Amino acid sequence: MSSNLLSVHTPSPLPNISKTTPLYQRIYIPNHVYTHPSAILLELCTSVKELHQILPLIIKNGFYNEHLFQTKLVSLFCKFGSMVEASRVFDPVEQKLDVLYHTMLKGYAKNSTLCDSLKFYNRMQKDGVNPVVYDFTYLLQLCGENLELEKGREIHGMLIVNGFESNLFAMTSVVNLYAKCRKIDDACKMFDRMPCKDLVSWNTVIAGYAQNGFARKALWLVSDMREDGQKADSITLVSVLPAVADIKGLRIGRSIHGYAIRSGFESMVNVSAALLDMYFKCGLVETGRLVFRRMSSKNVVSWNTVIDGLAQNGESEEAFATFLKMLDEKVEPTNVSMMGALHACSNLGDLERGRFVHRLLDQMKFSSNVSVMNSLISMYTKCKRVDIAASVFDNLKGKTNVTWNAMILGYAQNGCVNEALDLFCTMQSEGVKPDSFTFVSVITALADLSVTRQAKWIHGLAIRTNMDKNVFVATALVDMYAKCGAIETARELFDTMQERHVITWNAMIDGYGTHGLGKAALDLFDDMQKEASAKPNDTTFLSVISACSHSGFVEEGLYYFKTMKEHYGFEPSMDHYGAMVDLLGRAGKLDDAWNFIHEMPIKPGITVLGAMLGACKIHKNVELGEKAADMLFELDPDEGGYHVLVANMYASASMWDKVAKVRTAMEKKGLHKTPGCSLVEWRNEVHTFYSGSTNHPQSKRIYAFLETLGDEIRAAGYVPDTNSIHDVEEDVKEQLLSSHSERLAIAFGLLNTRHGTTIHIRKNLRVCGDCHEATKYISLVTGREIIVRDSQRFHHFKNGRCSCGDYW
DNA sequence: ATAGGGTTAG
């Protein structure tokens, strides 16, 4: 027996004794009323072990057969989670009081399965004990937690049989049961039937609506509740604030905050955490910071909320710094803290700090927490290290469907389509059911690949598993078809969707944009503005502006940029500025683009300067191009593509010494030109061609065909643009150009498909000017339609013209 | 009897 348990003679830990305390629990000491020491000892117990140490004392004093001691013992064993010990006390009792049964039932409900609890309930009935309200509330709570709707309905029935139909407590539990089982209409019906309602029942139904996605209804109920004469308490606030966050109802959120301050609930950690979360979800970072700073008491939850809130609002540097500050202030991090820190590292793409968190969570024994490990996998894939992610994945025990999804998505986002598909199959063979997340990941991977056959396969699978009803999945399908060049199919799917989300509209608008169908994109955007269910967001405007850019709609682009800022109040991001520079630059308004860059309120980033450089290359403006390149390389982009762009710009102006300089600089930095690669699908197989490659089985035939084709298109008026090549003879230059990967792929397609078949090509880089010109003529002389998807957009070649109108 | 930070999607 531990010494502190024996030192009960000090009066301080004694519970107060009231007039209703049974006499046999008291002993009399002159001038003082004290509880019997054995009872006090029981009160002080905190574990089964300590309880066993007290037991001999109780037996020695002859209290073991006292009903109250028996009940207390059972209740304590139940509290400590040991139903075996509780039964050991319960079973031998000969004359069991009803209260002993009720205590046992509570124990079962808290510690055991629903099945065991119901078994005990049946035994209790057989023994002739009448159930009390609490028996039902505990059983219903258990049903709610385990989403056991059918069993819950049975208990609801039993409760009516026993006459508790209008009991406040019982009915509140019933309302809670239906709400938890996502039967909010039933919950509401029961709530309406309640003859009188108190704060708890109002809170229950409010939380029910909030958790079932009916945010506005939840907010309505709060005012109904106040009309009913109930004052919102901290639980009401904590229940309703997530609903405010759901609908980004800042105004109502602020007024709730005001009420929290006036009523004094704001000082409660859980209330202020809910407020914090609401502000971050509404995007009010500054207010979030303020609330956090003002919090008089912070706990782990408050820290975690701020860390993740910052990460979600693009303040990942600050999020990570906050995580470190939390460690510094000796707040013990939880799994949620680790996930927040990993989230920040993912956003930053910072492998170094990501690895630091990995080491930390190994030390702190979080490696067995699946959720943390899922975030870890995601972090490594976002930092482009699928290899490390895969090793974490392989070694992880107790994978959930989320783990599989994170890994499949990781592969998909890193261009490892085959690995993603393989894992998708393995997942199913191991009996893990793919969900909407899985489908979105796989569809994204296939969109990248643009293989029609596989596109149809996953679409079919989505239909068979009823996944196509999910908005995210359906949107991914729309995006995939658009990326496969099947823009009409994408639109058909879009039109048949029952529910459309902002992202659905964005995907379709973007699809039209990349196909050069600017008019269709803008028409759709008009439709969207008429639709009440989908409000445009900042991404919508990015798609709209880039659609204008691809179609040369300069005026319209400028108009929508203005509308976005002034009418919709969206602050332009770096991507928006990039799209605007692209819009002006592509259209040849290089000076306007350059001025635009200088008038930007933020420092131009890589996307902006890259767009400027690209425009300078197209329009052969070396002077501005050099300036843009200088600013760009100061930002140190780790991509070889920009150097190649500069080199090509100099080449097209025949400035060969400068070309050589850029090449040397590239070598020094260890950057390489990404080799050009084109894919074409034929007879259920994907054929890959690299620039100048001769390893294809049909290689000889292809090159021979290209030569005759070359003669034909030259006869039709094609003039090779050999300006961009130096150091070799004219005929070799022409040969080099005609062996670009897309030409090989096109030749292969023409040779192997029937006349009239459209040829689909997928290229990893931007189509070069000469190939673009040549393909126009090829479409003319062969009478074939050729669709090329390059890294920027689609080109539909038909009758000697391209859909991009030479805007690309 | 009521709530309470969180893992994968564009």
Side-chain angles (χ1 to χ4, degrees), chain A residues 133-134 136-138 140-141 144 167-177 179-180 197-208 210-211 233-242 268-274 276-277 280-281 299-309 311-312 334-340 342-343 346 366 369-379 381-382 399-410 412-413 434-444 447 470-473 475-476 478-479 501-507 510 537 539-540 542-543:
Chain A
V133 157
Y134 295 108
F136 294 115
T137 58
Y138 292 131
L140 285 168
Q141 197 185 14
N167 179 285
L168 182 66
F169 281 28
M171 287 318 287
T172 304
S173 299
V174 170
V175 171
N176 188 42
L177 164 86
K180 287 285 174 313
K197 301 157 171 108
D198 70 346
L199 182 57
V200 178
S201 38
W202 276 104
N203 282 348
T204 307
V205 76
I206 288 167
Q211 288 164 1
D233 70 348
S234 71
I235 294 179
T236 319
L237 300 183
V238 172
S239 304
V240 84
L241 280 168
M268 294 172 71
V269 261
N270 53 354
V271 173
S272 49
L276 258 184
D277 196 50
F280 279 117
K281 292 229 168 83
N299 62 8
V300 212
V301 180
S302 357
W303 283 94
N304 292 350
T305 309
V306 180
I307 293 170
D308 209 61
Q312 272 176 11
T334 65
N335 52 343
V336 182
S337 330
M338 302 319 268
M339 288 189 272
L342 288 169
H343 189 178
S346 298
F366 283 116
N369 184 302
V370 193
S371 305
V372 174
M373 296 314 268
N374 293 341
S375 295
L376 187 69
I377 290 170
S378 184
M379 182 277 290
T381 64
K382 294 265 158 58
K399 296 181 186 68
T400 65
N401 57 337
V402 178
T403 320
W404 291 88
N405 291 346
M407 196 62 229
I408 292 173
L409 182 73
Q413 287 175 337
D435 60 8
S436 61
F437 284 80
T438 326
F439 270 88
V440 170
S441 307
V442 175
I443 295 168
T444 311
N470 178 288
V471 206
F472 289 102
V473 174
T475 303
V478 168
D479 179 63
H501 199 263
V502 206
I503 61 160
T504 319
W505 292 88
N506 293 355
D510 203 68
N537 63 12
T539 313
T540 316
L542 196 60
S543 297

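None of the values given here were measured: they were computed from a predicted structure. Below, read A as the first sequence line, B as the second, and so on, with proteins coming before strands; counting in each chain starts at 1.
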Run the side-chain donor-acceptor check on residues 168-176 of chain A: report pairs under 3.5 Å with partners two or more places apart or on a different chain.
| unit_1 | atom_1 | unit_2 | atom_2 | d |
| --- | --- | --- | --- | --- |
| A:T172 | OG1 | A:L168 | O | 2.6 |
| A:S173 | OG | A:F169 | O | 3.2 |
| A:N176 | OD1 | A:K180 | NZ | 3.0 |

**Study point:** Set of residues satisfying side chain to side chain donor-acceptor pair (under 3.5 Å) with respect to A:N203, sequence neighbours excluded
**Key:** A:D233, A:T236
Review point. Which distance, rounded to the nearest 0.5 Å, do you find between the CD of A:Q413 and the OG1 of A:T381?
Key: 6.0 Å
Check your understanding: In Å and rounded to the nearest 0.5 Å, what is the NZ to CG distance from A:K382 to A:L409?
Key -> 6.0 Å
Check your understanding: What is the 5' to 3' range of DNA chain B, first to last nucleotide, that sits under 4.0 Å from any heavy atom of chain A?
Key -> B:dA1 to B:dG10
Practice item. Without swapping roles, check the side chain of A:S201 against the backbone of A:K197 for a donor-acceptor pair under 3.5 Å. Key: no
Review point. Looking across every strand, which nucleic acid part, if any, lies under 4.0 Å from A:D198 by heavy atom: base, sugar-phosphate, or nothing?
Key: base
Exercise for review: Looking at every strand, decide which applies to A:T334 at a 4.0 Å heavy-atom threshold: base, sugar-phosphate, or nothing.
Suggested key: base
Exercise for review: Just call it for A:N335: base, sugar-phosphate, or nothing, with non-hydrogen atoms closer than 4.0 Å on any strand.
Suggested key: base
Review point. Touch check for A:I235, heavy atoms < 4.0 angstrom, all strands: base, sugar-phosphate only, or nothing?
Key: base
Review point. Which is true for A:S201 with a 4.0 Å heavy-atom rule: it touches a base, it touches only sugar-phosphate, or it touches nothing?
Key: nothing
Check your understanding: Contact class for A:V271 (heavy atom, under 4.0 Å): base, sugar-phosphate, or nothing?
Key -> nothing
Check your understanding: Within the structure shown, what part of the strands sits under 4.0 Å from A:K281 by heavy-atom distance: base, sugar-phosphate, or nothing?
Key -> sugar-phosphate
Practice item. With heavy atoms under 4.0 Å as the rule, sort A:H501 into base, sugar-phosphate or nothing. Key: base
Exercise for review: Scan A:Q413 against the nucleic acid and name what it touches under 4.0 Å (heavy atoms): base, sugar-phosphate only, or nothing.
Suggested key: sugar-phosphate
Review point. So what does A:T475 hit on the nucleic acid, given a heavy-atom distance under 4.0 Å: a base, only sugar-phosphate, or nothing?
Key: nothing
Review point. Taking it one step at a time, do A:T438 and A:D435 satisfy side chain to side chain donor-acceptor pair (under 3.5 Å)?
Key: CA-CA 5 Å; A:T438 326; A:D435 60 8; 2.8 Å; yes
Exercise for review: Using a 4.0 Å heavy-atom cut-off across all strands, classify A:S371 as base, sugar-phosphate, or nothing.
Suggested key: base
Practice item. Give one of base, sugar-phosphate or nothing for A:N176, where a contact means two heavy atoms less than 4.0 Å apart. Key: sugar-phosphate
Check your understanding: Looking for any heavy atom pair under 4.0 Å, which part of the strands does A:A207 touch: base, sugar-phosphate only, or nothing?
Key -> sugar-phosphate
Review point. Touch check for A:K382, heavy atoms < 4.0 angstrom, all strands: base, sugar-phosphate only, or nothing?
Key: sugar-phosphate
Review point. Heavy atoms, side chains only, cut-off 4.5 Å: are A:K399 and A:W404 in contact?
Key: yes
